[in-house]
Amino acid sequence: MTGWAARFALGLAAALLALIVVYDFVNPPTTYTMWSEGRRLGGIDQEWTDAEDIAPVMLRAAVAAEDANFCNHWGFDMAAIRQAIDKGANRGASTISQQVVKNVFLWQGRSWPRKALEAMLTPPVEAIWTKRRILEIYLNVAEFGEGVFGVNAAAFHYFRTTPDKLSAHQAALLAAVLPDPKERSAAKPSRFVSRRANAIVDGAETIRRDGRARCFSD
């Protein structure tokens with residue numbers, strides 16, 4: 001690596017680390033995905049909601065759907081990674097911590113440079129942010145539909161309600177669309193999404209009972 005390239009890489013790393021520190025107490029104003037979708041669509045719907053104003057069942061539903069061992073890992077779920085490799089799966093091992101790094105600091109896609117940056121940024125995010133902060137940011141920047149970002153916009157878009165009033169089933173439907181927000185709908189769920197939501201309702205209750213929600217609960 002040439003001198004200028006090394007300096008650039010170090011400068012980028014320092015800037016990203018500084019942003020991680022800042023975002024521990026300042027809410028991210030936007031993300032690359034929000035910006036690009038806003039340009040494509042002519043605008044997006046997103047409004048920040050603090051974790052205490054989100055129904056606890058929504059937090060549990062997101063964890064049950066995307067990362068059931070969220071409280072038990074340091075950013076990478078090694079058991080899930082090994083299982084995904086054994087099954088030859090393309091998806092399923094990415095934790096909420098990794099997803100929030102991708103959503104806040106990086107771009108969508110499966111390129112190796114993005115995955116490498118994601119792997120480098122996830123440990124400092126886990127070290128600096130609390131689990132509750134990670135989940136709070138995740139639920140505020142995740143895409144729930146075309147131009148619909150964050151749980152506040154999603155709750156109103158699909159159910160004409162606010163995040164604090166989401167029922168267990170509504171929360172599960174929102175969590176069920178997260179892997180494919182442009183193709184799935186929480187308001188008009190397919191048979192698959194309905195089945196998935198029912199499983200998420202059970203999973204959210206299970207992690208509440210067995211203590212796997214302890215790291216982000218009040």
Side-chain angles (χ1 to χ4, degrees), residues 23-24 27-28 48-84 89 91-104 118 121-123 125-145 148-155 158-159 162-181 184 186 189 193-218:
Y23 287 167
D24 188 32
N27 299 328
W48 190 273
T49 302
D50 292 337
E52 55 264 32
D53 295 319
I54 301 172
V57 71
M58 182 69 242
L59 277 69
R60 294 195 295 271
V63 170
E66 294 292 294
D67 186 4
N69 292 315
F70 179 61
C71 287
N72 298 332
H73 63 64
W74 48 278
F76 305 99
D77 189 338
M78 303 310 295
I81 290 171
R82 286 192 294 270
Q83 187 177 42
R91 190 186 181 281
S94 182
T95 65
I96 285 176
S97 304
Q98 290 173 272
Q99 291 181 54
V100 83
V101 164
K102 175 187 69 178
N103 290 342
V104 173
E118 179 185 296
L121 293 173
T122 296
V125 161
E126 278 274 341
I128 294 170
W129 299 354
T130 65
K131 290 284 190 176
R132 187 173 173 87
R133 179 61 170 167
I134 291 171
L135 189 55
E136 178 183 60
I137 292 178
Y138 175 72
L139 285 173
N140 275 283
V141 302
E143 186 177 15
F144 287 88
V148 180
F149 287 85
V151 67
N152 189 303
Y158 288 116
F159 306 119
T162 52
D164 60 312
K165 295 178 181 176
L166 287 166
S167 69
H169 188 61
Q170 289 171 335
L173 284 168
L174 291 180
V177 308
L178 284 169
D180 195 2
R184 300 180 185 180
V193 170
S194 294
R195 288 198 305 267
R196 178 68 179 138
N198 289 335
I200 291 169
V201 169
D202 292 340
E205 178 59 20
T206 297
I207 67 171
R208 183 193 68 81
R209 290 198 310 264
D210 68 17
R212 281 181 291 164
R214 65 190 181 281
C215 68
F216 58 86
S217 300
D218 289 333

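Nothing fancy with the numbering, it's 1 onward along the sequence.
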Inset, instruction - Among Leu59, Ile54, Asp53, find the one that has a side chain to side chain contact (heavy atoms under 4.5 Å, CB included) with Val151. - result: Ile54
Inset, instruction - Kindly indicate whether the side chain of Ser97, heavy atoms from C-beta on, has any atom under 4.5 Å from the side chain of Phe70. - result: yes
Legend entry - Distance-minimising heavy-atom pair for Tyr158 and Ala186: CE2-N, 3.5 Å
Legend entry - Approximate separation, where rounding is to 0.5 Å, of Gln99 CD and Ile134 CD1: 12.0 Å
Legend entry - Side-chain heavy-atom pair Leu173, Val193 within 4.5 angstrom cut-off: yes
Legend entry - Flag side-chain contact, heavy atom, 4.5 Å: Tyr138 against Leu178: yes
Inset, instruction - Under the salt bridge (Lys or Arg N to Asp or Glu O under 4.0 Å) rule, collect the residues that match up with Arg133, sequence neighbours excluded. - result: Glu136
Inset, instruction - Can you measure from CG (Asn72) to SG (Cys215) and round to the nearest 0.5 angstrom? - result: 7.5 Å
Legend entry - Asp50: partners by salt bridge (Lys or Arg N to Asp or Glu O under 4.0 Å), with sequence neighbours left out: none
Inset, instruction - Quick one: pull up CH2 in Trp129 and CD1 in Ile137 and give me the separation to the nearest 0.5 Å. - result: 3.5 Å
Inset, instruction - Could you check if a side-chain atom of Asn140 sits within less than 4.5 angstrom of a side-chain atom of Phe149, using non-hydrogen atoms only? - result: no
Legend entry - Asn152 and Thr162, any side-chain heavy atoms less than 4.5 Å apart: no
Legend entry - For Lys131, salt bridge (Lys or Arg N to Asp or Glu O under 4.0 Å) partners two or more places apart: Glu126
